[in-house]
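Below: one structure, written as C-alpha cells.
Note that the coordinates shown come from a computational prediction; the quantities given were computed from them, not determined experimentally. Just so it is clear: chains get the letters A, B, ... in the order the sequence lines come, proteins before strands, and each one is counted from 1.
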2 protein chains.
Amino acid sequence: MSIQAVARQAGVSVATVSRAFNQPDQVAPATRRQIEQAAQALGYLPNASARTLRTQRSRVLGVVLPTLVNPVFAECLQGMAEAAAQAGHALMPLTTDYEVAREEQAVNHLLAANVAGLVLVVANPSQSGALRRLQARALPYVLAYHQHPEHPCVGVDGEQAVADLVARLVAQGHRHITMVSGQRSASDRAEQRCRGYQRGMAAAGLPAEPVLEVPFMAQALQDIVARLRRAPVPTALLASNDLLALRCLRAAHLAGRAVPTQLSVVGFDGIALGADLTPMLSTITQPNADLGQQSIALLLQALADGQALGPSASRTLAHGFRQGESCAPPRTATA
Amino acid sequence: MSIQAVARQAGVSVATVSRAFNQPDQVAPATRRQIEQAAQALGYLPNASARTLRTQRSRVLGVVLPTLVNPVFAECLQGMAEAAAQAGHALMPLTTDYEVAREEQAVNHLLAANVAGLVLVVANPSQSGALRRLQARALPYVLAYHQHPEHPCVGVDGEQAVADLVARLVAQGHRHITMVSGQRSASDRAEQRCRGYQRGMAAAGLPAEPVLEVPFMAQALQDIVARLRRAPVPTALLASNDLLALRCLRAAHLAGRAVPTQLSVVGFDGIALGADLTPMLSTITQPNADLGQQSIALLLQALADGQALGPSASRTLAHGFRQGESCAPPRTATA
DNA sequence: CTGTTAGCGCGTTCAC
DNA sequence: GTGAACGCGCTAACAG
C-alpha cells in the first residue's frame, strides 16, 4: 500500500501523487481529484518512516518527563498532546523517574527516533549532559517547568509564587510557617520554591525555619507527623508540591490537628484533583496544560522557522492561587 | 552521522557495522571492538526511520487512551512505558477524550507512523471501526481494561468485582446502596460495573435501585447532593470510578453527612492517590501499572512470534479491595 | 568472517 | 502540469 499503488490506480506517476499531497496547488484539479479518489479507495496512508528518511524531518516530538504518576506531568502531557495533535504531530514521551542517568538515555532514544524536537522536564538544566548534546545538534528543544538563563523555557516563577504565598499566610496571622519539600538538591524547582519561602519569611521579618526535607515519599508521612509534634509548632505547612500536601493533610489528621482550624496546609502545583478533595486543597496553581501547550507551540514555531530556539524565546506563565478549604487564619490570631 | 561514517572510521564495510549492532556474534571480537569504538567516538545512533523503512517493523508501539487526566490511565501508561523501554521500544500515546470519532483518527495516525502494534482503551469494542481496521491489517493489538470474546484483552472482571463489593457492603449491614456511574452507554466498563451492582443486589435479595447516572463530571457534585437528600436515603454510595468517588465524598460533606459514620463511599479503580487521602478512599483496586505492563508484554510476544493475537491470548488480572477509611458499617446496624 | 548490492517508500530535482 | 531517476540510512541476501 505505497504511493506506487496509488499512482498506478490513478494512472499517473508517483511524483504527481507526492505533489498532490504536499503541494496540491501544483497539480491540476482534475488530476488531484483522481488521486484523492484512488488514495481513498486504497486506504492509502503516507509512510511516515519513508517521509522522515527522505526529508530528514519527522512529525514526532520527543517528551522527557520525570513521571506520569504525578498528575502535574500527566496534565501537562495532555496539554502537549492536544497541541501536537492539532498540528498533525505525534508525541513520544519517555519517563525518567527523577533519575538523571535516565534523562540522557531518554534523549538518546529520541534522537535515534529522529524526533523533530523535544520538550524536557529535567532535574537540573545547569548540569545536564543531555541538554548539552541537544545544543550541539542544533535540534530545537524547550524546557518545561524550568527557568534558566541559558535555555528556552516555559515555566512559572516558583520563587515569586511561594514568596507571595508566604506573605498571604502572614497577612492571615500565621507566624510559624514550615516548608515541607522533597530533596532540594534533586530538583531545580524544589530549590526555587524553597528560596521563595526564605525570601518571603525575610520580607515579613520572620525567622525562616529550616525546611523539612523528606527525601523519600514513602516516609514523608512519618517525618511530617514527627515535625508536627516538635516545637516550635507550626500553624501552617507549605508543601513544595501537591502530592506532598496530601501527606501533610494526612499527617495533620494523624497528629490530631484539624485542618484548617488548627493547622493550615497549602500546596504547590494546582493539580485538578486537588479541587475535588474535601477539604479542597489550597494551592498555588500552575497552568499545567498550558505549560504543555505553549511548550509545543514554541517548538512548532521553531520548526516552522527552521531555527533552534534560544533562551530569549522563554516564556513565564502566570501562576494563581486556589483558595480552597485547607487554609485559614490561625486560631491564635482569631482568639 | 550515518552507518557509512562509522564504517569508514572503523575501516570496514557498512554491512559489518550493521551486523556488529544487530548480530554481534557474527562479527569477530576484534572487529567489533573497532566498530564500537568508532561509533562511540562519532556519537553514532542508528537511524530508526531507515531501519523501520527497511525492516518494515518499527520499535514504536501505539497507545490509544481516553485521557491522561484520569490517573488510572496515567498509571497504566506509566506501566506500559516501563515495559516498553525495558524491551527497547518507545510508545506513541494518543488520547481520545472519550470521543469515539477520535479513536479512529488516532488509529490512522498510528498506522501511518508504522507502529509495530497497539494497545487501546476504547469506548466499546463491539462497535469500533478502528478495531475492524486493525484486524484487517493483521497488526497486533491488545485492548486494555476490556473483556471481550472477539478481541485479545488485558482486563479485570469488573462485574464480579462490584458484585463482590456489594456482598461485602451487605455483610457490613448496608441495605440501601446507591450506585453512581458516568454515562453507561458511553463505556463498556461503566456498563459492566453497573451489571455487577445489579447482580450483587439480586444475590443479596435486595431490590436494586436505579443507578444514578451523571453524564457530565461538571455537574456530578450537584446531582449526587440532590440524590442524598432524596428518599430512600442510601447508607452507602458505590461509585463506578475513583474520580466520581471523590465527588461522592464532597457531596457527603455538602449534604452534612459524615464519612464513614453516616455514609460509606467506595470507589472503583484503585488510583494511587486514593491511598493518600483523608479519609483514605475505600475502593476496588485494579493493578493499573500491571495492566499496562502485561498489555505491552502480550504485544511484544506477538511481535516475537510474528503473529497477530487472538481472543484466546486474553488475560484477566486479579482485582483487590483497599479497605481505606471511607467505608464502615452503617449506624443503624451498630445501633 | 566480511564486502557488495539491492531496495524499503518517499520527496525532489531536472527534463519534458 | 507531469514523469523519470536519484538517494535519504539501513538491513538482508548473496558472494567471496
Side-chain angles (χ1 to χ4, degrees), chain A residues 1-36 38-39 42-60 88 108-116 137 139 303 306, chain B residues 1-36 38-39 42-60 88 110-116 137 139 303 306:
Chain A
M1 242 315 333
S2 75
I3 202 174
Q4 304 238 18
V6 180
R8 207 176 312 122
Q9 171 92 7
V12 296
S13 76
V14 292
T16 305
V17 177
S18 177
R19 281 193 210 95
F21 278 86
N22 302 309
Q23 298 128 17
D25 32 313
Q26 289 189 29
V27 174
T31 318
R32 199 164 57 210
R33 267 189 300 106
Q34 291 269 341
I35 293 172
E36 279 163 4
L42 271 57
Y44 169 71
L45 297 172
N47 183 309
S49 301
R51 175 179 279 172
T52 297
L53 182 59
R54 178 63 179 96
T55 61
Q56 305 285 32
R57 227 196 90 189
S58 80
R59 289 188 154 265
V60 178
N108 278 349
H109 226 100
L110 295 171
L111 288 177
N114 288 318
V115 295
R137 297 227 178 190
L139 194 68
L303 291 173
Chain B
M1 242 312 334
S2 74
I3 201 174
Q4 303 237 20
V6 179
R8 208 176 311 122
Q9 171 91 6
V12 297
S13 75
V14 291
T16 306
V17 177
S18 177
R19 280 193 213 97
F21 279 86
N22 301 308
Q23 298 128 17
D25 33 313
Q26 288 189 31
V27 175
T31 318
R32 199 166 56 210
R33 268 189 299 103
Q34 293 266 343
I35 293 172
E36 278 163 5
L42 272 55
Y44 168 72
L45 297 172
N47 184 309
S49 301
R51 176 179 279 172
T52 297
L53 181 58
R54 172 61 220 206
T55 61
Q56 304 285 38
R57 224 197 93 189
S58 81
R59 289 188 156 266
V60 178
L110 295 171
L111 288 177
N114 288 319
V115 295
R137 295 226 179 192
L139 194 68
L303 291 173

### Message
Expressed as a whole number of angstroms, how long is the span from B:Arg59:CZ to D:dT11:C1'?
### Response
13 Å
### Query
Is there a side-chain contact (heavy atoms from CB on, under 4.5 Å) between A:Gln9 and A:Val6 once you walk through the steps?
CA-CA 5 Å; A:Gln9 171 92 7; A:Val6 180; 5.6 Å; no
#### Entry: Close side-chain approach of B:Val12 to B:Gln34, heavy-atom, < 4.5 Å
no
### Message
Taking the side chain as everything from C-beta on, heavy atoms only, tell me whether A:Ser2 gets closer than 4.5 Å to A:Asn47.
### Response
no
### Query
Could you state the CZ-P distance from A:Arg32 to D:dT2, rounded to the nearest angstrom?
10 Å
### Task
Apply the test side-chain contact (heavy atoms from CB on, under 4.5 Å) to residues A:Leu45 and A:Met1: give CA-CA distance (whole Å), side-chain angles for both, the deciding distance (0.1 Å), then the verdict.
CA-CA 8 Å; A:Leu45 297 172; A:Met1 242 315 333; over 6 Å; no
### Message
Please classify the nucleic acid contact of B:Thr31 as base, sugar-phosphate, or nothing, using heavy-atom distances under 4.0 Å.
### Response
sugar-phosphate
### Query
Taking atom types as modelled, is there a side-chain donor on B:Asn114 or B:Thr52 under 3.5 Å from an acceptor on the other?
no
## Note on the structure
A correct 5'-to-3' footprint of nucleotides 8-16 of chain C, with B, S and - meaning base, sugar-phosphate only and no protein heavy atom under 4.0 Å, is BBBBBB---
